[in-house]
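The block underneath contains the structure these notes are about, expressed in structure tokens.
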There are 2 protein chains.
Amino acid sequence: MSEKPYHHGNLKMELLEKGLAFVDEHGVEELSMRKLAEVCGVSSAAPYAHFQNKEDFLLQAQRFITEQFTETLQECMETVKDKKKILLELGKRYVLFFYENPSYYHFLFSHGRIELTEYPPYLLFAGVAEEAFSEMGVKKKARRKKMLALWSMVHGLSGLSAMKGVLEEDDLEKEIEGILNAVEI
Amino acid sequence: MSEKPYHHGNLKMELLEKGLAFVDEHGVEELSMRKLAEVCGVSSAAPYAHFQNKEDFLLQAQRFITEQFTETLQECMETVKDKKKILLELGKRYVLFFYENPSYYHFLFSHGRIELTEYPPYLLFAGVAEEAFSEMGVKKKARRKKMLALWSMVHGLSGLSAMKGVLEEDDLEKEIEGILNAVEI
DNA sequence: CTCTTAATCTTATCACTGTCAAGTTCAAAT
DNA sequence: ATTTGAACTTGACAGTGATAAGATTAAGAG
């Protein structure tokens, strides 16, 4: 029993999930629509019923993990009460996410597919920073600059954390915290 | 006269140059060894006499522009006398390079091809920072953290500057300077 | 100058890729 | 029960990285 039915039933979602798992294991370069189709037990043209083309698939896959990422950050925001620490904690979560999913960093930012001004994690970070700096009495013109500086640092550090061997890994959280605290905002 | 000679004479160099020009114009994704061969007026298999494979070509192309980039930074180091300003100026040059060559940012850092601990611009920056912080009386343990923080910021900001529409472009140097100065080292 | 050699390049071919047109199946609405 | 449209398969196409086998020629040895 359970001969494969002609209609998969949940193909789009499975393509995204298996695709991301594949990227996580072998990297983006290795991913092909045909292999992906095979992994899902489906013919090589089947994915094109759900995605316009490979680029579209990659784009939607990026959205998919960006949503997860954004949720992680949002969760972090709700957990941390201390408004003075929230920027640091958010930064830490940001960096840690890419430490835990190194291949996602390349996947997300390699191909210039992301429009920063529509990138939820950035918008979220920018919002929190705006609020925090505002409360700290930072003047309006300076806020944007500080925010960009901080975001650049956090995002740049994420790139570092995605490479093995740069950060000290025995107490990673402390390491990240130390680096982010090494400059005064 | 000037029938194409069987032997090109300078193919390897031309492949690198035309290849980089192509990347700059159309992006890495569009580049294929065959198109590249055609651009150089040579058969599709000819490049493989000079490069093991596409990956090898990309790697050597990266080295090629990394050299130029490193030279720019070195030049900057020699020009700026004021040791207090050197880190800022170096950061500015770093960011500006990728503003001027946006496609290079993706080209260099997309595919995880670069080993940071062997990446000359990083080593150069790390060296200058070490010296600067040392002179500023920063204690040894803190130096590394400050350096990583600063480098992350500079490198992350480079990513920003490679996207159009994020940085204000009417007086870019001042903009970059403002951001890098928005945090205290 | 001739011969040899090894680097450079061409031709032909392979397996693989993204993608599409045409046909097949089947769930659900009419 | 019939229709319809979405989800799939099959089979094809051009383009890709790569290799083997052979052609060309620059440069050195005799």
Side-chain angles (χ1 to χ4, degrees), chain A residues 1-23 25-64 103 106-107 110-113, chain B residues 1-23 25-64 103 106-107 110-113:
Chain A
M1 56 196 70
S2 102
E3 280 297 309
K4 246 181 276 180
Y6 191 91
H7 280 29
H8 181 287
N10 195 27
L11 183 56
K12 181 167 182 178
M13 210 56 183
E14 190 176 342
L15 284 168
L16 287 171
E17 282 164 359
K18 294 263 170 77
L20 285 171
F22 190 97
V23 165
E25 197 168 353
H26 306 96
V28 207
E29 342 277 351
E30 279 299 315
L31 181 74
S32 80
M33 295 301 266
R34 297 175 104 107
K35 278 189 223 159
L36 184 52
E38 199 189 352
V39 167
C40 293
V42 102
S43 86
S44 64
Y48 290 90
H50 302 277
F51 304 97
Q52 290 178 29
N53 48 36
K54 189 180 186 182
E55 182 63 22
D56 182 41
F57 169 78
L58 293 175
L59 219 141
Q60 296 204 40
Q62 285 184 335
R63 291 222 185 94
F64 190 76
S103 63
H106 294 131
F107 181 51
S110 306
H111 303 268
R113 230 170 267 130
Chain B
M1 57 196 68
S2 98
E3 282 296 311
K4 245 181 278 179
Y6 192 90
H7 282 31
H8 181 287
N10 196 26
L11 183 55
K12 181 167 184 178
M13 211 55 184
E14 192 175 342
L15 284 168
L16 286 171
E17 281 164 0
K18 294 261 169 77
L20 285 170
F22 191 98
V23 165
E25 196 168 353
H26 305 97
V28 208
E29 343 277 352
E30 279 298 315
L31 180 73
S32 78
M33 296 300 266
R34 297 173 103 107
K35 281 190 221 156
L36 184 52
E38 199 188 354
V39 167
C40 293
V42 102
S43 87
S44 63
Y48 291 91
H50 300 277
F51 304 97
Q52 290 179 29
N53 46 36
K54 189 181 185 181
E55 182 63 23
D56 182 41
F57 169 78
L58 293 174
L59 219 143
Q60 295 204 41
Q62 284 184 336
R63 291 225 184 92
F64 190 75
S103 63
H106 294 131
F107 180 52
S110 309
H111 302 270
R113 227 170 270 126

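Note: hydrogens, waters and symmetry copies are ignored here, and every other heavy atom, side chains too, is used. In the text below, chain A, chain B and the rest are named by the order of the sequence lines, each starting its count at 1.
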OP1 or OP2 of C:dC16 under 4.0 Å from side-chain N/O of A:Ser32: no
Short side-chain N/O contact from B:His50 to OP1 or OP2 of C:dA7, under 4.0 Å: no
Tabulate protein N/O versus nucleotide N/O from nucleotides 10-14 of chain D, keeping only pairs under 3.5 Å, one per line.
| unit_1 | atom_1 | unit_2 | atom_2 | d |
| --- | --- | --- | --- | --- |
| D:dA12 | N6 | A:Arg34 | NH2 | 3.4 |

Whole-Å gap separating P (C:dT10) and CE (B:Met33): 14 Å
Interatomic distance where CG belongs to B:Leu31 and C1' belongs to D:dG17 [whole Å]: 12 Å
Give the table of side-chain donor-acceptor pairs shorter than 3.5 Å for residues 34-41 of chain B, with sequence neighbours excluded, one pair per line with atom names and distance.
| unit_1 | atom_1 | unit_2 | atom_2 | d |
| --- | --- | --- | --- | --- |
| B:Lys35 | NZ | B:Glu30 | O | 2.6 |
| B:Lys35 | NZ | B:Glu30 | OE1 | 3.3 |

Protein-nucleotide distance (B:Glu38, atom CD; C:dT10, atom P), rounded to Å: 12 Å
Between NE2 on residue A:His26 and OG on residue A:Ser103, distance to nearest 0.5 Å: 11.0 Å
Can you give me every donor-acceptor pair (side chain of residues 11-19 of chain B, partner residue at least two apart or in another chain, under 3.5 Å) with its distance?
| unit_1 | atom_1 | unit_2 | atom_2 | d |
| --- | --- | --- | --- | --- |
| B:Lys12 | NZ | B:Gln60 | OE1 | 3.4 |
| B:Glu14 | OE1 | B:His8 | NE2 | 2.5 |
| B:Glu14 | OE2 | B:Lys18 | NZ | 2.5 |

Protein-nucleotide distance (B:Phe51, atom CZ; D:dG17, atom P), rounded to Å: 14 Å
Closest approach of B:Ser44 to B:Pro47 (non-hydrogen atoms, all atoms of both residues): O-CD, 3.6 Å
Euclidean distance, atom CG of residue B:Asn10 to atom C1' of C:dT8 [Å, nearest integer]: 13 Å
Considering all heavy atoms, the nearest B:Leu31-B:Phe57 contact: CD2-CE2, 3.8 Å
Strand-adjacent residues in residues 12-21 of chain B, judged by heavy atoms under 4.0 Å from DNA chain C: none
Residues in side chain to side chain contact (heavy atoms under 4.5 Å, CB included) contact with B:Asn53, at least two apart in sequence or another chain: B:Glu55, B:Asp56
Validation row: B:Leu58, B:Phe107 side chains within 4.5 angstrom (heavy atoms): yes
Atom-pair distance (OH on B:Tyr48; C1' on C:dA7), nearest Å: 19 Å
Neighbours of DNA chain C within residues 52-59 of chain A, by heavy-atom distance under 4.0 Å: A:Asn53, A:Lys54
B:Lys35 NZ - C:dT17 P separation (whole Å): 18 Å
